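We count residues from 1, following the sequence as given. Predicted, not measured: the structure shown is a model, and the values here were computed from it.
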Amino acid sequence: MARPKKPTYEWVPSRNQYRKRIKDSDGKYVALYAQDPDELTRKIKEAERQIEEAVFRRDNPTVREYAEKWLVMQASHIRPTTLADYTSKVKNYIIAPLGDRYMADITPDDVNMAITKAAEKSASIYRSVQMLYKTIFLSAYKSNIIDRSPCENLNPRGGKAAKEKTALTGEQVKILLDAIRGLPPYPFVMICLYAGLRREEALGLQWDCVFLDDAAPHITVRRAWHIENNRPVVTEDLKTKASRRTIPIPPQLVDCLKEVKAVSKSTHVIANSDGQPLSGTQWQRLWKYISTRTVEERRYYRYKDGVKTEHIVKPELGQKAAHNGKVVYSIDFHVTPHQFRHTYITNLLLAGVDVKTVQALAGHEHARITLDIYAHLTYNQPKDLISKVNKAFENNPK
């Protein structure tokens with residue numbers, strides 16, 4: 001058998017080295033040099049291996065690489081808060097279980113196994129994660145990175161059913177307002193209770209959108225607040241087009257806002273001591289005025305002689321806080337910022353306001369959203385249904 005010929009390379013006198021030109025992963029020629037042919041042969045083989053790997057990785061990225069690239073592509077046309085939400089979910093529910101796998105290697109079984117973590121959360125989180133899986137892999141398919149999406153038959157149902165939302169009763173509203181009257185969160189709570197603003201809308205509200213001396217006092221929603229690295233950002237980029245709305249406000253809120261405006265030195269209705277919108281930490285402090293006045297159980301840890309010890313505090317209604325005599329445990333029910341908005345919408349419907357008007361005041365994009373959440377308030381009241389039920393069976397035998 002004839003012995004294989006050794007490769008011949010170009011000799012470059014100016015460098016006193018051998019040279020070979022090869023194409024890189026982008027199709028461009030690059031030159032490799034070595035002192036002798038054997039060394040250059042080894043360099044060429046290593047370079048070809050690296051080029052092959054680079055081409056493979058470019059045409060078949062890992063799930064992490066493509067998912068992160070997809071997030072970058074979304075940044076220019078979605079809200080910053082939406083991007084932050086997507087980024088968190090992609091990281092926790094897509095990259096965490098599948099990030100090191102190649103996109104082309106992912107099977108439907110892999111996706112079904114990976115998404116079980118999201119299925120342990122609420123139904124809304126599951127739906128959002130499922131949408132992200134489908135959208136990311138569909139994008140890869142359209143870019144010819146994969147031959148078929150493994151998410152085509154992903155089960156649309158999953159996650160835990162959300163707890164039924166409960167509005168605050170009139171008595172609970174009174175208890176809450178009495179507990180925080182004169183304290184920093186009072187204007188925020190009043191705005192959400194009596195105008196139905198979302199948290200980000202209330203914290204982004206400025207005085208140029210508050211009309212207290214009109215014949216019909218009202219608020220216009222034009223801005224929203226969100227946090228980027230704990231810093232406040234107030235933007236006119238709202239959740240939906242329907243979020244931009246005008247809301248008539250009742251006397252309770254008018255009086256409250258007049259008092260706030262009389263001493264305000266800021267363009268923002270809810271502001272910090274410097275007149276600026278609240279940071280993330282400042283918002284948490286604001287809310288703590290409420291949470292510290294509830295009777296909900298607290299858990300904290302202390303270290304003594306290097307030993308970590310858990311302490312449980314179970315406040316009693318009417319009791320003063322041991323660390324601060326001005327704090328009285330007077331709120332014996334659970335409170336969330338969104339609950340104020342829920343209470344506002346509930347009160348409108350129970351007062352007989354029609355669904356389309358409530359939709360507009362709440363800033364819901366579709367009346368279906370209002371109906372899906374609040375239909376039980378408008379259509380399941382016996383006093384509203386009795387006449388229709390009687391009429392349906394009036395001619396039936398006894």
Side-chain angles (χ1 to χ4, degrees), residues 1-78 80 82-111 113-115 117 129 132-152 228-231 233:
M1 179 181 293
R3 298 178 64 182
K5 293 183 179 180
K6 285 189 175 183
T8 57
Y9 302 116
E10 178 185 2
W11 174 254
V12 182
S14 61
R15 296 179 62 111
N16 199 30
Q17 287 180 314
Y18 291 95
R19 178 175 66 188
K20 175 68 174 179
R21 290 187 174 92
I22 63 173
K23 285 185 178 181
D24 65 11
S25 59
D26 295 322
K28 297 179 181 179
Y29 278 100
V30 294
L32 300 176
Y33 295 90
Q35 297 294 332
D36 59 69
D38 289 339
E39 181 187 1
L40 186 54
T41 298
R42 290 194 296 272
K43 281 190 174 182
I44 292 170
K45 287 183 178 179
E46 175 61 19
E48 288 175 342
R49 185 194 66 76
Q50 292 179 3
I51 291 169
E52 184 179 353
E53 174 68 12
V55 171
F56 177 75
R57 290 293 295 275
R58 183 186 61 204
D59 295 338
N60 186 20
T62 63
V63 173
R64 178 191 300 276
E65 290 168 340
Y66 191 78
E68 290 176 345
K69 176 183 177 182
W70 181 87
L71 285 169
V72 171
M73 292 189 291
Q74 307 311 303
S76 62
H77 58 271
I78 61 176
T82 303
L83 180 62
D85 178 60
Y86 284 1
T87 301
S88 174
K89 287 172 179 170
V90 167
K91 177 182 176 182
N92 292 323
Y93 301 109
I94 300 179
I95 291 178
L98 298 174
D100 295 333
R101 304 274 302 278
Y102 289 109
M103 290 287 290
D105 294 341
I106 302 299
T107 67
D109 283 348
D110 293 329
V111 174
M113 287 294 293
I115 205 172
K117 183 179 176 183
V129 171
L132 289 169
Y133 264 104
K134 286 187 173 182
T135 306
I136 289 171
F137 278 91
L138 179 61
S139 175
Y141 167 73
K142 289 182 176 179
S143 298
N144 297 317
I145 289 172
I146 56 177
D147 295 329
R148 183 177 180 180
S149 170
C151 306
E152 292 176 349
E228 293 180 8
N229 299 319
N230 197 40
R231 295 180 178 179
V233 177

Enquirer: Might you point out which heavy atoms bring Leu83 and Ala75 nearest each other, and give the distance in Å?
Expert: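 Closest heavy-atom pair between Leu83 and Ala75: CD2-CB, 3.8 Å.
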Enquirer: Under a plain distance cut-off of 3.5 Å, with no hydrogens placed, do Tyr66 and Ser139 share a side-chain donor-acceptor pair?
Expert: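 Distance-only check passes for Ser139 and Tyr66.
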Enquirer: Exactly one of Asp105, Ile115, Val63 should register a side chain to side chain contact (heavy atoms under 4.5 Å, CB included) with Leu98. Which one does?
Expert: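 Checked Asp105, Ile115, Val63 against Leu98; only one passes side chain to side chain contact (heavy atoms under 4.5 Å, CB included): Val63.
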Enquirer: Counting C-beta onward and ignoring hydrogens, is there a side-chain heavy-atom pair between Cys151 and Leu138 closer than 4.5 Å?
Expert: no
Enquirer: Are side-chain heavy atoms of Ile44 and Tyr9 found at a separation under 4.5 Å?
Expert: yes
Enquirer: So, taking the atom named NZ in Lys91 and the one named CD in Glu68, what distance separates them when rounded to the nearest 0.5 Å?
Expert: 10.0 Å
Enquirer: Please determine whether the number of non-hydrogen atoms from other residues, nucleotides or ligands lying under 6.0 Å from atom CZ of Arg231 exceeds 12.
Expert: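 Open.
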Enquirer: Taking all atoms of both residues into account, what is the closest heavy-atom pair of Lys23 and Tyr29, and its distance?
Expert: CE-OH, 3.4 Å
Enquirer: Indicate the atoms forming the closest heavy-atom contact of Pro97 with Asn92, along with that distance.
Expert: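 Closest approach of Pro97 to Asn92, heavy atoms only: CD-O, 4.1 Å.
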Enquirer: I need the Gln74 CD to Tyr86 OH distance, nearest 0.5 Å.
Expert: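 Nearest 0.5 Å value for the CD-OH distance: 8.0 Å.
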Enquirer: Please determine whether the number of non-hydrogen atoms from other residues, nucleotides or ligands lying under 6.0 Å from atom NZ of Lys20 exceeds 12.
Expert: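 Counting neighbours around NZ of Lys20, 12 or fewer heavy atoms of other residues, nucleotides or ligands fall under 6.0 Å, so no.
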Enquirer: Would you call Phe137 and Ile106 a side-chain contact if the rule is heavy atoms closer than 4.5 Å?
Expert: yes
Enquirer: Any heavy-atom pair between the side chains of Thr107 and Pro150 that's under 4.5 Å?
Expert: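 Not touching, per the 4.5 Å side-chain cut-off.
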Enquirer: Can you tell if the side chain of Ile94 reaches within under 4.5 Å of the side chain of Tyr133, non-hydrogen atoms only?
Expert: yes
Enquirer: Where is the tightest heavy-atom contact between Leu32 and Leu40, given as atom of each residue plus distance?
Expert: O-CD1, 3.6 Å
Enquirer: Does any non-hydrogen side-chain atom of Lys134 lie less than 4.5 Å from one of Ser149?
Expert: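 Answer no - side chains too far apart.
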Enquirer: For a 4.5 angstrom cut-off between non-hydrogen side-chain atoms, does Ile146 reach Met103?
Expert: yes
Enquirer: Check whether Thr82 reaches the backbone of Ile78 with its side chain - one donor and one acceptor, N or O, closer than 3.5 Å.
Expert: no
Enquirer: I would like to know whether Arg64 and Arg101 meet side-chain contact (heavy atoms from CB on, under 4.5 Å); could you show each step before the answer?
Expert: CA-CA 8 Å; Arg64 178 191 300 276; Arg101 304 274 302 278; over 6 Å; no
Enquirer: Salt bridge check, Asp38 against Arg42: does any charged N sit closer than 4.0 Å to a carboxylate O?
Expert: no
Enquirer: Does Tyr33, at its OH atom, have more than 12 non-hydrogen atoms belonging to other residues, nucleotides or ligands within less than 6.0 Å?
Expert: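 For Tyr33, atom OH is crowded (more than 12 foreign heavy atoms under 6.0 Å).
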Enquirer: Any side-chain heavy-atom pair from Asp100 and Thr62 closer than 4.5 angstrom?
Expert: no
Enquirer: According to salt bridge (Lys or Arg N to Asp or Glu O under 4.0 Å), does anything in residues 137-148 pair up with another residue at least two apart or in another chain? List the pairs.
Expert: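 For residues 137-148: Arg148-Glu152.
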